[in-house]
Protein chains: 2
Amino acid sequence: MSEILPKFNSTFSIDCVVFGFDGGELKILLIERNEEPFKDWWALPGNIVGEQESLDQSAARILNELTGLSNIYMEQCYTFGDVSRHPQGRVVSIAYYALLRLGGDKAVKPISTYAKKANWIDVKDLPKLAFDHKEIFETGLEKIKRRIKHQPIAFELLPEKFTLTQLQNVYEVILSKKLDKRNFRKKMLSFGVLKDLEEKQQGVSFRAATLYKFDKKKYAKLFGKEISF
Amino acid sequence: MSEILPKFNSTFSIDCVVFGFDGGELKILLIERNEEPFKDWWALPGNIVGEQESLDQSAARILNELTGLSNIYMEQCYTFGDVSRHPQGRVVSIAYYALLRLGGDKAVKPISTYAKKANWIDVKDLPKLAFDHKEIFETGLEKIKRRIKHQPIAFELLPEKFTLTQLQNVYEVILSKKLDKRNFRKKMLSFGVLKDLEEKQQGVSFRAATLYKFDKKKYAKLFGKEISF
DNA sequence: AATTTTATTTGTATTTTTTATGTAATTAGG
DNA sequence: CCTAATTACATAAAAAATACAAATAAAATT
């Protein structure tokens, strides 16, 4: 492959903006770096792509190493390639965002050697980030803001069974605006992709709400018909 | 940068889906390759990213080498990184799409050594393409189909001065569906981003239509307010 | 047991946007 | 002057988005 080799050292990496929804707040998973450059800084989880890995596989691996989870919803987001974005050479980074259900058993288990620890941090309260990770985060947040209006990604952030109020909270936090309960409910139900589980919320100290789940089959039947939230 | 170097040969390239609108048809710019692999095949124009080039700069350079044009509307589209997408090694390709005004002076001048010639080819009549370029093209087409509904990109495909009918043609071809003239006109004008030039089309053998131009300043004032076509 | 607290649940009128359709006006060419 | 082709304008009907208030259920408190 002589003719396709560049004349300079270069490589490519994956960085992940991992969103979780917890306690009514939108959070992302950050690691504290254990290596230079940016040792002791907070950064997005990321790594070099392996020789026999596709980009998607690499992103899934990185997330698995960090959380122990697999089959997480991930999408490629944008590729960052400024000449000097990495102080030690030319590194092009393909950013992914991931959405996952928090709470309960889904604990974070930091495994990688390059990370001291990993924390969920509220997106409204982020520390300074290493490299151009601030920009990557912002791009990821913009993407999900757009996508939540047309695609059923909100459900990825909620437990399997959820109430309409919980669902509304996800929309409100991501879109940063209050929504009307009655109109939200009406519209959401009108899409016909929510299954009424005929089951009530447990352990709340007030009237329990009905639980719903997202019905993937019914959604698939809409066949790309635009949902416009 | 020892620790960030991968243990295997790899590089990254840019591939461009260059859209043009001509004679009522949507076309893309293809080159006929002059080198192995895929010698004599049609392919998207692309190249290796230079050491001191950002990705955006590289995309602009490639398009300039091919057309002689600069200041062309380009956007990053998606990054393709399957392990075996390039027969000679690991090459990750960052795809861009470009939109440009055809007709008149904007002739294509093939310069690169790796291309025998370059042609504008109707997207409805594409030949077999080298590498995974078919997939890249389809991704680019999907992107502009989505984007044209919310962003003023149609104007990039038209001359500075255009009629509402020409504009409607762009929408019809990209969205692959007929639109109602009266409703199209009403809606398009309602956005308030078209400037009536108080000037008529020339050299037509029927009633001449009014010429308009896209008013970037007025559009900027909308400040991200969603246009929904 | 009655009362208070908290959150769920439901309906309707109004406005805005989208869709559908009719018809007159303008221009070139025969 | 008449025809053909296209632009240009108006309005009604349907659908979707928005604004807005009161009753109900369950648990906690007194």
Side-chain angles (χ1 to χ4, degrees), chain A residues 21 23-24 145-146 148-150 152 154 158-159 161-173 175-213 222 224-229, chain B residues 23-24 146 148-150 152 154 158-159 161-173 175-213 222 224-229:
Chain A
F21 183 75
K145 278 189 185 187
R146 287 182 182 281
I148 202 173
K149 292 187 181 176
H150 303 288
L158 289 171
K161 302 176 178 184
F162 53 85
T163 68
L164 285 173
T165 300
Q166 289 174 317
L167 185 60
Q168 184 175 342
N169 282 342
V170 171
Y171 277 85
E172 289 183 337
V173 169
L175 299 176
S176 308
K177 68 173 178 188
K178 273 276 169 199
L179 300 171
D180 180 87
K181 261 178 190 266
R182 289 158 292 191
N183 294 335
F184 179 85
R185 164 184 300 261
K186 197 191 321 176
K187 184 157 193 173
M188 201 47 84
L189 291 174
S190 77
F191 299 139
V193 298
L194 294 187
K195 181 171 187 170
D196 183 337
L197 293 174
E198 296 179 353
E199 193 179 334
K200 298 283 176 184
Q201 207 176 14
Q202 299 290 322
V204 285
S205 66
F206 43 80
R207 178 176 176 182
T210 301
L211 291 170
Y212 291 84
K213 69 178 260 198
L222 295 183
K225 199 174 159 200
E226 281 222 356
I227 284 183
S228 187
F229 192 79
Chain B
R146 286 182 184 280
I148 202 174
K149 292 188 181 177
H150 303 287
L158 290 171
K161 302 174 179 186
F162 53 84
T163 68
L164 284 172
T165 300
Q166 288 174 317
L167 184 60
Q168 184 176 341
N169 280 342
V170 171
Y171 276 86
E172 288 183 338
V173 168
L175 298 177
S176 308
K177 69 173 177 189
K178 273 279 172 198
L179 300 171
D180 181 87
K181 259 180 191 268
R182 291 157 292 191
N183 294 332
F184 179 85
R185 161 183 305 259
K186 198 189 325 172
K187 184 156 194 173
M188 201 47 83
L189 292 174
S190 76
F191 299 139
V193 298
L194 295 186
K195 180 170 189 170
D196 184 335
L197 293 173
E198 295 178 353
E199 197 180 332
K200 298 283 176 182
Q201 208 175 16
Q202 299 290 321
V204 287
S205 65
F206 43 77
R207 175 176 176 182
T210 300
L211 290 170
Y212 292 85
K213 70 179 257 199
L222 295 183
K225 202 175 156 199
E226 282 223 355
I227 284 183
S228 188
F229 193 80

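Note: hydrogens, waters and symmetry copies are ignored here, and every other heavy atom, side chains too, is used. Throughout, protein chains are lettered first and strands after them, A, B, ... in sequence-line order, and every chain is numbered starting at 1.
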Give the rounded distance in Å between these two atoms: [atom1] of [X] and [atom2] of [N].
X      : N      : atom1 : atom2 : answer
A/K178 : D/dC20 : NZ    : C1'   : 16 Å
B/M188 : D/dA8  : CE    : P     : 15 Å
A/N169 : C/dT8  : CG    : C1'   : 14 Å
A/F191 : D/dA16 : CZ    : P     : 11 Å
A/R185 : C/dT12 : CZ    : P     : 16 Å
A/F229 : D/dA17 : CZ    : P     : 10 Å
A/D180 : D/dA17 : CG    : C1'   : 11 Å
B/Q166 : D/dT7  : CD    : C1'   : 13 Å

So, is [X] close to the [N] phosphate, meaning a side-chain N or O under 4.0 Å from OP1 or OP2?
X      : N      : answer
B/K181 : D/dT6  : no
B/T165 : D/dT7  : yes
A/K187 : D/dA16 : no

Kindly determine whether B/K181 and B/L164 satisfy side-chain contact (heavy atoms from CB on, under 4.5 Å), including the steps that lead there.
CA-CA 9 Å; B/K181 259 180 191 268; B/L164 284 172; over 6 Å; no

For B/K177, which residues count as a side-chain contact (heavy atoms from CB on, under 4.5 Å) partner, sequence neighbours excluded?
B/L175, B/L179

Can you list everything that forms a side-chain hydrogen bond (donor to acceptor under 3.5 Å, both in side chains) with B/Q168? Sequence neighbours excluded, please.
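Result, side-chain hydrogen bond (donor to acceptor under 3.5 Å, both in side chains) vs B/Q168: B/E172.
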
For B/K149, which residues count as a side-chain hydrogen bond (donor to acceptor under 3.5 Å, both in side chains) partner, sequence neighbours excluded?
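Here no residue qualifies.
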
Return yes when atom NZ of A/K213 has more than 12 non-hydrogen atoms of other residues, nucleotides or ligands closer than 6.0 Å, and no otherwise.
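Count not over threshold, so no.
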
Listed by chain and number, what are the salt bridge (charged side-chain N to carboxylate O under 4.0 Å, His left out) partners of A/R182, not counting sequence neighbours?
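Checked A/R182 against salt bridge (charged side-chain N to carboxylate O under 4.0 Å, His left out); matches are A/D180.
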
Report, one pair per line, the protein and nucleotides 10-12 of chain D atoms (nitrogen or oxygen only) whose separation is under 3.5 Å.
from	atom 1	to	atom 2	distance (Å)
D/dT11	O4	B/K186	NZ	3.0

Pick out the pairs of N or O atoms, protein on one side and nucleotides 25-30 of chain D on the other, that lie under 3.5 Å.
none

What donor-acceptor contacts under 3.5 angstrom involve side-chain atoms of residues 191-199 of chain A, with partners at least two apart or in another chain?
from	atom 1	to	atom 2	distance (Å)
A/D196	OD1	A/E198	N	2.7
A/E199	OE1	A/K161	NZ	3.3
A/E199	OE2	A/K161	NZ	3.0

Applying ring pair (Phe, Tyr, Trp, His ring centres under 6.0 Å), can you list everything that pairs with A/F162, at least two apart in sequence or on another chain?
A/F155

Can you list everything that forms a ring pair (Phe, Tyr, Trp, His ring centres under 6.0 Å) with B/F229? Sequence neighbours excluded, please.
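Listed in chain order: B/Y171, B/F184.
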
Sugar-phosphate only, base, or nothing, as touched by B/T163 at under 4.0 Å among non-hydrogen atoms:
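The residue B/T163 makes no contact with any strand.
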
